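Let me begin by presenting the structure, written as structure tokens, before commenting on it.
It should be emphasised that the depicted structure is a prediction, and the values quoted were computed from it without experimental measurement. Counting starts at 1 for both ligands and their atoms, following the listed order.
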Amino acid sequence: MKNLLKNKVIIITGSSRGIGGATARLAKKYGARVIVHDKDENKQLKKCAKALKTSYIFCDVADEIAVKKAVENVMRKEKKIDILVNCAGINSAKSFLETTDQDWLEVFKVNELGTVHFCKAVIPFMQKKGTGRIVNVASLRGYDVASGNTAYSASKAAIINLTASLAKEYAPTIAVNAVAPGFCDTDMSKTWTKAVRKKATQSLLGRIAKPDEIAEAILFLASDKAEFITGQTLLVDGGYSIAGK
Ligand code: NAI
């Protein structure tokens, strides 16, 4: 597995911490030329790039022009982009009646449009090269909804749909897949209520995921080992969605 991604140029959005951070570390271990990314040029991003001896880009994924410029910078430096992982995302934990239009717009701007912006910026370069792989990060909530999470769940369902649509539109040149993580221990999980935390351990495996375990699934789909897989969303939830059913 050491050479799984040897010399592949991979952009991973939202990769200064959490699932994106674990994916960046693992991709480096698998031989990739990793570009880490965050919303702004913060200490954590610089530290992460330094630790991986790699370069970084920063932009708000909701800002289409900034995303395009960041991707063009990568192209100038690396001359190619083999893999894009869209991992940046935010949670929105409110009951349906409490959510405002602003809440809906915010979560869709980051989770769905952020993915759209990076795909739009990267796809023309992959088309020119004649090959490419994209992995989007959806969520268990894109399938198996919970109350108090409507806007987030809808944004992740949109990513599952976008994944299949893009796979169809850009086959056979570009493979587009998604990973839908179940509960995973990251900064995002610190936003969960006690009740959610308790529920999260009720997977068939009796625990929540470590970021590395989600990263392995992402990089499998990003690699040539998944050559014949496109348009799919892989649910990585430790069996949570079928427990007790
Ligand atoms: P996290 O909060 O630790 O990391 C999210 C990353 O996205 C951070 O680096 C953050 O700065 C970046 N980000 C947020 N808004 C951004 C913006 N507007 N522009 C650029 N970057 C932005 O979260 P975690 O848990 O690592 O989540 C990663 C992905 O996995 C997200 O898409 C999340 O929805 C998804 N996910 C997480 C689960 C969990 O249990 N932690 C479960 C299911 C899905």
* Show your working on side chain to side chain contact (heavy atoms under 4.5 Å, CB included) between N3 and Y30 and close with a plain yes or no. => CA-CA 5 Å; N3 292 328; Y30 290 156; over 6 Å; no
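Considering every non-hydrogen atom in both I208 and T201, the closest pair reads CG2-N, 4.3 Å. Residue D82 comes nearest to N7 through the heavy atom pair OD2-O, 3.9 Å, listed as atom of the first residue, atom of the second, then distance.
Under 4.0 Å from any atom of ligand 1, one finds heavy atoms of residues G14, S16, R17, G18, I19, H37, D38, K39, C59, D60, V61, C87, A88, G89, I90, V110, V137, A138, S139, Y152, K156, P181, G182, F183, C184, T186, D187, M188, W192.
For the pair I10/L219, a side-chain contact is recorded, criterion being any heavy-atom separation below 4.5 Å from C-beta on.
A side-chain donor from one of S241 and D237 sits under 3.5 Å from a side-chain acceptor of the other.
Checking each of T163, N136, N111 against N86 for a side-chain hydrogen bond (donor to acceptor under 3.5 Å, both in side chains) leaves exactly one that passes, namely N136.
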